[in-house]
Amino acid sequence: MPKNERSVRLFKTKKAVFQAILLIVGVAMVGFGAFRGEVDIVLGKAIRLCLECVGIG
């Protein structure tokens, strides 16, 4: 296997591992926020932001 192909494969592997770690951390943070009862707070802020963008709020 040429050196270039090996480095491309290594880069893709590192990228996939990094993306998997970010996905796991993101899911853990969402779960922690839901556990703390922050869902209604975040949803309320999102609704207010959307209403301001449309010009209603």
Side-chain angles (χ1 to χ4, degrees):
M1 175 181 322
K3 185 176 182 180
N4 191 21
E5 289 180 23
R6 196 175 316 147
S7 64
V8 169
R9 182 180 291 170
L10 180 63
F11 175 74
K12 286 183 179 181
T13 303
K14 285 183 179 181
K15 184 178 175 182
V17 169
F18 182 68
Q19 289 176 341
I21 290 171
L22 285 179
L23 178 66
I24 292 168
V25 170
V27 168
M29 291 177 77
V30 169
F32 184 69
F35 177 73
R36 289 183 55 190
E38 297 175 357
V39 175
D40 56 341
I41 296 169
V42 173
L43 183 62
K45 287 181 180 181
I47 291 171
R48 281 192 297 279
L49 178 66
C50 288
L51 290 175
E52 288 177 9
C53 288
V54 173
I56 297 173

Query raised in the report: Do you reckon Val27 sits in the same ILVMFWY cluster as Val39, going by side-chain contacts under 4.5 Å, direct or chained?
Result: no

Report task. Determine whether Ile47 and Val54 fall in the same hydrophobic cluster, where Ile, Leu, Val, Met, Phe, Trp and Tyr are linked whenever their side-chain heavy atoms lie under 4.5 Å apart. Result -> yes

Query raised in the report: Are Ile21 and Met29 grouped together when hydrophobic residues (ILVMFWY) are joined by side-chain heavy atoms under 4.5 angstrom apart?
Result: yes

Query - Partners meeting side chain to side chain contact (heavy atoms under 4.5 Å, CB included) with Lys12 (sequence neighbours left out) - result: Val8

Query - Asn4 side, atom CG; Arg9 side, atom CZ - distance, nearest 0.5 Å - result: 12.0 Å

Report task. For residues 14-30, pull every pair meeting side chain to side chain donor-acceptor pair (under 3.5 Å), keeping only residues two or more places apart or in separate chains. Result -> none

Query raised in the report: How long is the gap from CG on Leu43 to CZ on Arg48, to the nearest 0.5 Å?
Result: 9.5 Å

